[in-house]
Amino acid sequence: MSSIRRLERAFFNRLTPDVAHDLIGMRLVRLDNGRRISGVIVEAEAYRGEEDLGCHAKAGLTQRTKIMYGEPGHAYVYFTYGMHWMLNFVTEEEGFPAAVLIRALLVEEGVDLIAQRRNHQPSNLWTNGPAKLCQALNIDGALNGYDLCQPGAVLFVESLDDGNPIQELGVTNTPRVGLNNVPEPWRSIPWRFIGMSRSL
DNA sequence: AGCACGATTAACT
DNA sequence: GTTAATCGTGCTC
């Protein structure tokens, strides 16, 4: 019988593709007015360094990218397409810009709140995209820079106490999504990780 | 100061 | 399959 614990900063202070891979099957938890909204992470992408031309850090240290240069284990939440928020976790040692984009969840807790926030769409469309899961979990720019590893955090990731994922999933990887104007090799580098149910 | 575009989504034909 | 929505960011002038 194992118990649940929150991921510590050391988990995030590692090579970014490894962190993205290992986040598959972990549970993302949002405390919204004391209520848990959560889901198992089933898709994530790695963005790593100023050399990665798919990564925002290609622009260097700016007002927007400074969070990625900071301490690992913080949230990097950015706004795009004039309407969407995206959730990332900062990775690797402080000073090196990198993050993992959370792209999809399997909803576990807070179904009623999510249905409401997602405008009562079909449940399979609730959190199957990076902007959708931010809407579902009430995540926006107010959480940019937020420390997921602080005591009493309202946003964090859970694992089993042995460090294993909450849900064991087979993990496949592919090129990242939405980088059609990004030069090779960055457009095709297989840094998108997808969890697949073993029992089909 | 102006501009092109974006780690997307929902609603179309 | 296509496209509008909508605005912050970074780049150029």
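Chain naming here is simple, since letters A, B, ... match the order of the sequence lines and numbering starts at 1 in each.
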So that I can tick it off, tell me whether [Y] and [X] are bridged by a salt bridge, with the cut-off set at under 4.0 angstrom between side-chain N and carboxylate O.
{"X": "A/D112", "Y": "A/R35", "answer": "yes"}
{"X": "A/E93", "Y": "A/R14", "answer": "no"}
{"X": "A/K58", "Y": "A/E50", "answer": "no"}
{"X": "A/E43", "Y": "A/R192", "answer": "yes"}
{"X": "A/R117", "Y": "A/D32", "answer": "no"}

If Ile, Leu, Val, Met, Phe, Trp and Tyr residues are connected whenever their side-chain heavy atoms lie under 4.5 Å apart, and connections chain through other members, are A/W85 and A/V177 in the same group?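 Unlinked, A/W85 and A/V177 end up in two clusters.
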
Would you classify [X] as touching base, sugar-phosphate or nothing, given that sugar-phosphate means primed atoms plus P, OP1 and OP2, and contacts are heavy atoms under 4.0 Å?
{"X": "A/N181", "answer": "sugar-phosphate"}
{"X": "A/M83", "answer": "base"}
{"X": "A/L179", "answer": "sugar-phosphate"}
{"X": "A/R118", "answer": "sugar-phosphate"}
{"X": "A/F79", "answer": "sugar-phosphate"}

Should A/E109 and A/R36 be marked as a salt bridge (Lys or Arg N to Asp or Glu O under 4.0 Å) after you check the CA-CA gap, both sets of side-chain angles, and the distance that decides it? CA-CA 6 Å; A/E109 300 165 282; A/R36 283 172 62 102; 3.0 Å; yes

Any donor-acceptor pair under 3.5 Å from A/Y47 side chain to A/G54 backbone: no

Say we look at B/dC5 and C/dT3: how far apart would their C1' atoms be, to the nearest angstrom? 16 Å

With rounding to the closest Å, how many angstrom separate the C1' atoms on B/dA7 and C/dG1? 23 Å

Selection: residues 42-64 of chain A, any non-hydrogen atom under 4.0 Å of DNA chain B: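 Within this stretch, A/Y47, A/G54, A/H56 sit under 4.0 Å of the strand.
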
Cation-pi between A/R9 and A/F11: NZ/CZ under 6.0 Å from ring centre and within 45° of the ring axis?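 Verdict for A/F11: no cation-pi partner in A/R9.
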
Taking the side chain as every heavy atom from C-beta outward, state whether A/L148 and A/H74 have any atom pair closer than 4.5 Å.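 In short, these two side chains do not touch, never coming nearer than 4.5 Å.
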
Quick check for you: name the first and last nucleotides of DNA chain B, 5' to 3', having an atom under 4.0 Å from a heavy atom of chain A. B/dG6 to B/dA10

Relative to each other, are the rings of A/Y76 and A/H56 parallel, tilted or perpendicular (30° and 60° limits)?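 Correct class here is perpendicular.
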
For DNA chain B, list all stems, counting runs of three or more consecutive pairs where every pair is Watson-Crick or G-U wobble with both distances under 3.5 Å.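 Counting only runs of 3 or more consecutive pairs, the stems involving DNA chain B are B:1-6 with C:7-12, B:8-12 with C:1-5.
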
Check the distance between C/dT9's C1' and A/K66's NZ and give it to me in whole angstrom.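 Checked: the NZ to C1' distance equals 14 Å.
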
